[in-house]
Amino acid sequence: MSISIKNEKEIELMRTAGQLLAKVHYELGREIKEGMTTKDIDRLGEEIIRSFGCVPNFLNYNGYPASICVSVNNEVVHGIPTDKRYLQNGDIVSLDAGLIYKGYHSDAARTHGVGEISAKAQRLIDVTKQSFFEGIKFAKPGNHLVDIARGIQTYAEKAGFSVVRDLVGHGIGTSLHEDPEIPNFVRRRRGAKLQKGMTLAIEPMINEGTYDVWWLEDDWTVVTRDGKLAAHYENTIAITEDGCEILTMLPEEK
C-alpha cells in the first residue's frame, strides 16, 4: 500500500477542486424536483462541471456511462442516470459526483428528499450526514482509520440503522481512487496511521434495514438486499496538523 502525502501546493489545488464540486452539489440540490429524470440531473451536473473548466471524473471511469451517480430510494450508490426514471414526490435521491481541476480530483455525495418525504426517510438522511461528522472527529494525526470507522458505525447503529460493508471510502489526489481503503465499520486491523497531508474521501453509506446489498445486472447499481431505503454522504478531507479540513463544503454548509 502506497499512501500519497500532499504538500501545501497540492492541498491548495485540491481545495479549489473541492470548492468547485461543492458548488455543483449546491446547484443540483436547488434544482431537484418532482418530474425530473435522473438523466436531467446528470446533464445539468456535467454542464456545471464543464462551465468551471473542469472535467467530470466519473464519466467513463471503468466504463461508467455518466458524470453524476444518481441513486434513488433503495439504490445505495452508482445508479446510472436514465431518461426513463422520473423523480416522484417522497423519493430520496443520492448524488455522487467528482471533478478534476488541474490534475487533482474531488469527490463528494449528498442525499436529498424530493418534495414531501417521510419522517423516517428524513431521519435516515440526517443520521447518514451526521455519521460523517462523528467519524471525522477522529481524523487527526496519530489516530488510525479504524477510529474514523468506529465513529461512523457507532453513531449510525445507535440510531437504529446499518452500515454497508461491501463498499468503502478511499484516498484521493491525482487519481480518483488512491490508497488507503477507508471502511465505515470496524475491521480487525487498525488501518493506516493518519498523518498531515493525507487526503481522503470519507463516505458513509447507511441503510434503513440490513447492510446486505446486491449489484444489479448493469454491474454498477448497488441496491439494498431488503429493498429498504439507503442514504449516502461524502466529503473529501485533508488531514492537518491537529485535525482535518473538509475540502468539499461551502462555508454556508458548515
Side-chain angles (χ1 to χ4, degrees), residues 3-29 45 48-49 52 54 57-58 68-69 77 94-102 104-112 125-145 147-153 155-156 168-178 180-184 191-192 194-206 231-254:
I3 297 175
S4 164
I5 302 299
K6 315 300 191 297
N7 60 35
E8 286 301 324
K9 183 180 178 184
E10 291 176 297
I11 296 287
E12 182 57 38
L13 289 168
M14 291 191 67
R15 186 178 290 122
T16 302
Q19 288 300 292
L20 292 173
L21 181 58
K23 289 177 183 177
V24 174
H25 271 294
Y26 175 76
E27 292 299 331
L28 289 177
I48 299 169
I49 289 169
F52 294 143
C54 297
N57 51 11
F58 290 8
I68 313 291
C69 295
V77 286
S94 298
L95 309 182
D96 191 358
L99 57 77
I100 306 169
Y101 171 80
K102 295 187 177 180
Y104 284 83
H105 292 254
S106 55
D107 189 4
R110 305 284 188 265
T111 301
H112 303 277
I125 292 172
D126 294 341
V127 167
T128 301
K129 180 177 179 178
Q130 187 58 34
S131 72
F132 165 85
F133 290 100
E134 295 298 320
I136 66 164
K137 288 177 182 178
F138 303 95
K140 53 189 174 185
N143 281 349
H144 289 76
L145 290 174
D147 298 310
I148 298 174
R150 186 180 294 109
I152 292 169
Q153 181 179 13
Y155 183 81
V168 295
H170 51 92
I172 185 171
T174 53
S175 298
L176 175 57
H177 292 109
E178 298 183 351
E181 283 194 346
I182 307 166
N184 300 301
L194 300 174
Q195 56 180 300
K196 181 184 176 184
M198 290 172 71
T199 46
L200 311 170
I202 309 294
E203 51 177 321
M205 290 153 275
I206 308 298
H232 184 202
Y233 186 83
E234 175 185 19
N235 281 303
T236 299
I237 70 167
I239 303 298
T240 60
E241 285 185 4
D242 57 358
C244 72
E245 176 185 353
I246 302 172
L247 303 179
T248 48
M249 281 183 75
L250 297 174
E252 53 265 37
E253 285 186 85
K254 295 175 182 175

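All residue numbers refer to positions in the sequence shown, counting from 1.
Remark: side-chain polar atoms of Asn57 are paired, donor with acceptor, to backbone N or O of Ser106 under 3.5 angstrom. No donor-acceptor distance shorter than 3.5 angstrom exists from the side chain of Asn184 to the backbone of Ile152, with no hydrogens or angles considered. Proximity of a side-chain donor or acceptor of Thr128 to a complementary backbone N or O of His232 within less than 3.5 Å is not detected. Under the 3.5 Å distance criterion, the side-chain polar atoms of Gln19 are left unmatched by any main-chain donor or acceptor of Leu250. Distance alone, capped at 3.5 Å, places no donor-acceptor pair between the Ser131 side chain and the Tyr155 backbone.
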Q. Do Phe133 and Lys137 pass the side-chain contact (heavy atoms from CB on, under 4.5 Å) test, and can you show the C-alpha distance, the side-chain angles, and the key distance before you say yes or no?
A. CA-CA 6 Å; Phe133 290 100; Lys137 288 177 182 178; 5.9 Å; no
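Residue Leu13 holds its CG atom at 13.0 Å from CD1 of Ile100, rounded to the nearest 0.5 Å. Rounded to the nearest 0.5 Å, atoms CG (Leu194) and CZ (Phe138) are 12.0 Å apart. With rounding to the nearest 0.5 angstrom, the CE atom of Met14 is 6.0 Å from the CG atom of Leu247. Atom CG of Leu99 is separated from atom NE2 of His105 by 9.5 Å, given to the nearest 0.5 angstrom.
Every salt bridge (Lys or Arg N to Asp or Glu O under 4.0 Å) that Arg150 has, sequence neighbours left out, goes to Asp147. Listed by chain and number, the residues in a salt bridge (Lys or Arg N to Asp or Glu O under 4.0 Å) with Glu10 amount to none (sequence neighbours excluded). With sequence neighbours excluded, no residue forms a salt bridge (Lys or Arg N to Asp or Glu O under 4.0 Å) with Lys23. In terms of the ring pair (Phe, Tyr, Trp, His ring centres under 6.0 Å) criterion, His144 has no residue partners (sequence neighbours excluded). Looking at residues two or more places apart in sequence or on another chain, you find no ring pair (Phe, Tyr, Trp, His ring centres under 6.0 Å) involving His112.
Using a 4.5 Å heavy-atom cutoff, the side chains of His170 and Glu203 are in contact. Gln195 has its side chain out of reach of Ile3: every pair of non-hydrogen atoms, C-beta onward, lies at least 4.5 Å apart.
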Can you give each donor-acceptor pair under 3.5 Å made by side-chain atoms of residues 234-241, sequence neighbours left out, with the distance rounded to 0.1 Å?
residue : atom : partner : partner atom : Å
Asn235  : OD1  : Arg110  : NH1          : 3.2
Asn235  : OD1  : Arg110  : NH2          : 3.1
Asn235  : OD1  : Thr248  : OG1          : 2.7
Asn235  : ND2  : Tyr233  : OH           : 3.2
Thr236  : OG1  : Asp107  : N            : 3.1
Thr236  : OG1  : Asp107  : O            : 2.7
Thr240  : OG1  : Gly243  : N            : 3.1
Thr240  : OG1  : Gly243  : O            : 3.1
Thr240  : OG1  : Cys244  : N            : 3.4
Glu241  : OE2  : Lys196  : NZ           : 3.3

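Contact check on Lys9 versus Glu12 returns no salt bridge, with no Lys/Arg side-chain nitrogen under 4.0 Å from an Asp/Glu carboxylate oxygen.
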